[in-house]
J.: 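Just passing along the structure, written as structure tokens.
Here is the naming used below: chain letters follow the sequence lines, and residue numbers restart at 1 for every chain.
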Amino acid sequence: MAEIAMMSGFALILLGIFGALTNRNLLRMIVAFSIASTGVNVVLVSIGYLPGRTAPILDAAVPLESAAAQIVDPVPQALVLTAIVIGLGVTALMLAYAYSLFRHRKSLDISDFTELKW
Amino acid sequence: MVRAFVTLVFVAILGLAFGRLALDYVPDAALNQTAVHYAELTPPETGAQNVVAAIIVTYRGLDTLGEVTVLFLTAAIVALVLAQTSGPTKGRGSGLLPSGELLQTGTRMLTPLILLFGIYVFVNGHLTPGGGFQGGAILASAALLLLLADPVRRFSHRLLSWVESGSGVFYVLIGVFGLFLAGGFLDNRILPLGDFGSIFSAGAIPLIYALIGLKVGAEFSSILESLEEAEDH
Amino acid sequence: MIYVAGLMGLAMLGAAIVALATKSTAVAVIAAGLVSLFASVVFVLLAAPDVAMTEAAIGSGLTTFLFFFVLSRIRREGGNG
Amino acid sequence: MVSPILIIAIGLGAAFLLGFVNEDRKGIAFALTLAALAAMSLIALGWTLAFAAGNAQTADILTAGFPPPFAINLRMGPAEAALSLLVAATGFLSAIYMRDALYRHGRRAMAVLLVAIMALTGIVMTRDIFNLFVFFELIVIATGGLVLLSEDRRALAAGFKYLVVAQVISIMLLIGIAFVYHAMGSLNIDDIGPVALGFSGAGLALFLVLVALFLELKPFPANGWALDIYESAHPGFSAIFSAASGSAALFAADKVLATSPAWLPLATAIGIITFIGANILALRQNNDRRLLGYSSVAQIGLLLTIVGQRDLLGDSYLFIAGGVLVAHAIAKAGLFWMSGLVGHRDLKDWAVLRANPVLIFAFATFVAMLVGLPPFPGFYAKWDLAHILMAGDRAWLVALILIGALIEAGYLFRWFGFATKREAPEGFPGFSVNKMGIVFVTLLAGWTSGWIWGDLSANPNVLSMVPVLFALAFLVLEPLPARIKNLIAIAGLVGWFVFRYPAYDPLQLVFAIIILVGGAVIFLASFNWQGRRLGFYPPAMLMYAGLAMLIEAETSFTFFASWEILTLGSYFLILRGKMSEPHALSYIAFSLGGAFAILAGFALAANGTQPFEMAALADVAQTAAPYVFILLAVGFMTKTASIGLHIWLPGAHAEAETDVSPMVSGILLKAGLFGLWVLLMHMGQTQFYGINLTYFLVWIGAISAFLGGLMAIFQEDAKRLLAYSSISQMGYALFSLALMNHLGWLLALMFVINHYVYKSMLFLAVGGVYARTHTKLMYKMGGLITLMPFSFVSVLIGIIAMSGVPPLSGFGGRWVFYNAIMTADMRLPIILIFLSGPIGFLYLFRLIHSIFLGQLKDEHRKLKEAPFWLLVPQMIFVLFLLAFAVVPGLILRRVDAYISTFFPEGGLEWTSGGIISEFGYWNPVAIMLVIGVIFVSVFLLLLWMNHDAQKVKQFNIGFAGERPYRPETTHFAWNFFAPYRKAMGFLVLPVVTTFWNAVTDVLHETADFARKFYTGNGQTYALQALGFVVVLFLIGSGGTP
């Protein structure tokens, strides 16, 4: 199962990157990047998955003594939590930028913002 | 067209690299040393039931502090970016939805519930799934609802800013207390670990999660509000 | 379980392709939100309830709203988003 | 000691606290920001000082009270402390610098700045790889915010492009980190590795992490986004972006690489390509900030190269990498801060800096720091780096680094030339005081860092050498009147000579007399200048300091340091000339190229041993010796302007100021000769594939002598003529030295003395004429003999001495010369040398003929004699020449004895009446008498025969019967040697100039073409970043993915 998730995660990343690099609309680029980062999250979580184990919550279902044999690896999950929030931050920032750029130029086409070059 | 082709080729090669990673991937048969440590020692060391919460708040607390800061930064920068934008002044708000009687009434009823639920989620973060971020996001959705219901209405910037700053400063202070009262920066053992599994347990984790929740909620709200009122600047 | 995972994987990819291929930005945003939503189901399957909650609340919820906020403003100011 | 984690806590806490400050109370918010940054800097400073004093141990700081890898830990070691200090201090200064922008944007912007600095220190200190990622993301987002402080609207687009690329990078990083965790079971950097170089499994994971970290370092060519930021951001932020962000990201890459040494070659390759590529692209850049961006990218590339060599560098690693890094950070921050003082963005607009001389000094300091000149940290680092790499058989890397550095020096010095020589724009509003203050603080930091690195170095500290300090003291004395400074300078030169006199051996003595006493004599001419003459004495004295130290240098380090110091001083001196901007540039380019050859030569010779005695050159291993010889000889020959490396000389000498020309011609050229002398003394018999290398030198000398003279005869400009003649004369000296026999060396020494005397004299005389006529073109003069008799006398004596006719010392030289070549058996070059004799006479004749004889021009009728102080040294030279002609033995005898220690055979025999050689006999006094009698008789005869000669009116051109097309063609001195030009002109076709021009043209056109690569489109930039990853992956996995 983890393999399937990982594969689809990687596919999401590739799709996202391809979309972000071919779609010239600023908003669509941001959408594509958010798909790619979802893909990253899926890959990360699937790394921590061990077949047949349960969530890393040590309640009644998971006695302390056998916890190490029953739960999945909690570390990637913790990382993904952080990554999701960071992703949201970056997305919000890019959106604000896109809006601001749009206001300056009345355009959302990335190839219109090339005054700086060479 | 050429660019799309080149992109395709590059992405395909990247796909080969990723494919190799995936093919070489062998799921662990057992937890690695780090994870075993967390699985076995989270309760005695931190008193938390939810191992992920313990990792987030305590073991990798510095990451989380950084994460909160990411949102803090984003909120500040979104406000900065939009402050620089001078656009037309016609129209107000996002106009996402027309705010009707129904929505307004519904909002009035729902908002307290949502707030309560958000608080529940982050207060129980050390016991059950969920925590500061999720709770904060729920709080923010209340704010979102308010915005939708009445686009002209503003939350007090001052209040948001105080909540945001207050919880942030308090968070850092708790961290520094850990430095002086316990084993290190952000050590949750500055408060007693309490009874395992109860709501007042796991040392400072609930406190920190509550602060995170408040902070995240305030930050989301302030991002939404900045976007909402951009043109007033 | 494994079929559910496969199904979700396909659903994610499908939604992603829609998000990239559609002409309408609004549809793209919604499709991207769906990707997140399906992903959070995958997270539940992968025994990661915390992540699932976060992804649902933040990835598919707040992010989508943010997009719509900006999109609708741009539309009203004459952009075609 | 305060816990370093408080740096992070204070930065964050203050950022959060800012939210409590009312939006309108900007003063309070700003004060809070500054206080926090100051506190962070102080903590870092405390640790740095503790490490420096040896009071601190590397400390691991645990968070959450648990050991790694279960909780994140930070580390504070010497490197971390210094880097944190660098980051925090840069942030503090930039905050003050950006005060206006921060006030405009309010407390939020200040909070973002605080978080950025906090995160940078976090990157430096953390030992957890995911924590590293979090801090990187903070930097990305903060960068996205701080870019907006700019008033340049284009910054918004730059920020977006940056975010787009950052997304691609963070995807790679995150995937890499996750798989590294999977492979290692830990996120702690200390638990990673060693991972073998490979592109599957753990290797591929580490590859993704590394490639993401490299992308953060803006590798060439995937760095267009960074350049856009550099160009459009607030200079205060660019300073942080370049100095602090770059350093922190580099340190992160270093941390990860340290775990798996197998990956170091990857860093080296990317680093060196970036260094050279970015420097080449910078060549065509006219926007100052973008240029600084290219240079930043290049410097980080150099640092990455050094990181890639850490396996070889061992204990010296921190010293070398730190030296380059500190020099880069201070200089780049300083330059970015300075760019905020300049109102417009073209490089030429930096001319406004001339309004404040201290700023020009700061500019010079920063450029010198970037190029790695003494006494700054980069110099010591460069020296050690070259030595270690050479000893480790990585000469190719040394070569690449030096080529890149030379290109960088080229554009930086060109820029400096613009600032000092171009028209300053009008209506200049004045400098902001606090910004200027920041630049001055940086300047101070630059010099302090130079002292620290000198102190840390195993080699002597350049800033503790007395001559250097004496020269630098003139910086403080600048407000004094020029004449007082001149007195001090003369006293200094003479005083040092008297002080060191007992220590000199005869060879050193000859050079010391020329440099110190001769320098003092030329300084007499400088009394002619009044006012303060800003910027003259410090470089002049720096040049003399370098020369004085050079001749006494015992180790290769001192020798090289002196060499660079005299090069730097003379560059600034030459640059002072009115039209000398392009010539000074070509001078410094060739000189630095030569210096790099010397550096490589010494490093190869030393083979890892330091200090390396100059005398040990004789013991260099057989395999390395010929290469050492060639490198050193080429280096020294750039200074003697041997043919092929000569094109800088004519302009540099001709366009220099009147009293500078003799200094750089009469004295400075001797440095090269001294170097060759030392080289031949120790390595004279080096064979290369069975051929004695001195044989080539003989040829080069002969050709230089011949072609230099030939080029001189076709000049219309009197100073250029003298300059070309120097090439010829140095060719003679090289030729005689390379003969490797007793008389040859004696002769070379006579050339050293004679050339100093008559070239100084002639330059001063021509300069005196120029001071009155305001032209250097000979056909515009004529008949000045009656108006400027003293100048005439010195030119007459000068050319008699120089052309080698009896009775003056030139003849003595010629006599020794013929004796010398009789003892050698190389016929062809000897023919060339023979031919050069009459050629020399041809061009010298023009000086007398066109300037002093013939018709007086109308506009010159009221001219006065040359200024008094210009005449004083000339008359001293006249007296000296006469004396030297009569008693040459005064100096030569001692030297002759000294040379006998190298060549016991073939010496001269000194008797009371004359000098005897194998082939003949020379009695100077008798010759003087005989010639005197002949001269007087002929003179009287001429007077008698010409008593009724008719004077021709100036415009009587009836004889010619030609219609003048251009005014100058009517002058008889125009194109004086036209027949010779017809016969031999093809020999002086500017082949060499064409060659060097072609080299620079190719570089420039490559740059112009290649930089189109940076289209300005954010997607293209992201695609380039992606391309960077996949190309590396393809190369790494051997093309079979």
J.: Distance check, rounded to the nearest 0.5 Å: C:Leu37 atom CG versus A:Thr38 atom OG1?
T.: 11.0 Å
J.: Output the option from C:Leu10, C:Leu20, C:Ile2, C:Val4 having the highest count of non-hydrogen pairs under 4.5 Å with chain A.
T.: C:Leu20
J.: Go through the atoms of C:Ala21 and report whether side chain, backbone, both or neither lie under 4.5 Å from a heavy atom of chain A.
T.: backbone
J.: Return the minimal non-hydrogen interatomic distance between A:Leu27 and C:Phe67, and the atom names on each side.
T.: O-CE2, 4.1 Å
J.: Do the side chains of A:Asn41 and C:Val51 get nearer than 4.5 Å, heavy atoms only?
T.: no
J.: Would you check if C:Leu46 and A:Val72 make a side-chain contact, meaning some heavy-atom pair closer than 4.5 Å?
T.: no
J.: A:Ala55 and C:Pro49: which non-hydrogen atoms are nearest, and at how many Å?
T.: CB-CD, 3.4 Å
J.: With a 4.5 angstrom heavy-atom cut-off, is it the side chain or the backbone of C:Thr22 that approaches chain A, or both, or neither?
T.: both
J.: Verify, without hydrogens or angle tests, whether A:Gln77 (side chain) and C:Ala47 (backbone) share a donor-acceptor contact under 3.5 angstrom.
T.: yes
J.: C:Glu55 versus A:Val80: any side-chain heavy-atom pair under 4.5 Å?
T.: no
J.: Distance check, rounded to the nearest 0.5 Å: C:Phe43 atom CZ versus A:Ser46 atom OG?
T.: 9.0 Å
J.: Tell me, for A:Val45 versus chain C, whether the close heavy atoms (under 4.5 Å) come from the side chain, the backbone, both or neither.
T.: both
J.: Can you measure from CG (A:Leu14) to CG (C:Leu13) and round to the nearest 0.5 angstrom?
T.: 10.0 Å
J.: Using only atom types and a distance under 3.5 Å, with no angle test, would you say the side chain of A:Arg28 pairs donor to acceptor with the backbone of C:Ala19?
T.: yes
J.: Could you look at A:Ile30 and say if it's the side chain, the backbone, both or neither that has a heavy atom under 4.5 Å from chain C?
T.: both
J.: Starting at CG of A:Leu15, measure out to CE of C:Met12 and round the result to the nearest 0.5 Å.
T.: 11.0 Å
J.: If you count heavy-atom pairs within less than 4.5 Å of chain A, which of C:Val29, C:Val42, C:Leu45 leads?
T.: C:Leu45
J.: Looking at C:Ala39 and A:Val42, what are the two nearest heavy atoms and their distance?
T.: CB-CG2, 3.9 Å
J.: Is it the case that atom CZ in A:Arg53 sees more than 12 heavy atoms from other parts of the structure closer than 6.0 Å?
T.: yes
J.: Given C:Thr63, which of A:Thr91, A:Val31, A:Ile84 fulfils the side-chain contact (heavy atoms from CB on, under 4.5 Å) condition?
T.: A:Thr91
J.: Which of the residues C:Val44, C:Ile17, C:Ile58 is involved in the greatest number of heavy-atom pairs with chain A at under 4.5 angstrom?
T.: C:Ile58
J.: What part of A:Leu12 lies closer than 4.5 angstrom to a heavy atom of chain C: side chain, backbone, both or neither?
T.: both
J.: Give, for atom CG of A:Leu95 and atom CG of C:Leu71, the distance between the pair rounded to the nearest 0.5 Å.
T.: 9.5 Å
J.: From C:Glu77 CD over to A:Phe102 CZ, what is the distance, rounded to the nearest 0.5 angstrom?
T.: 6.0 Å
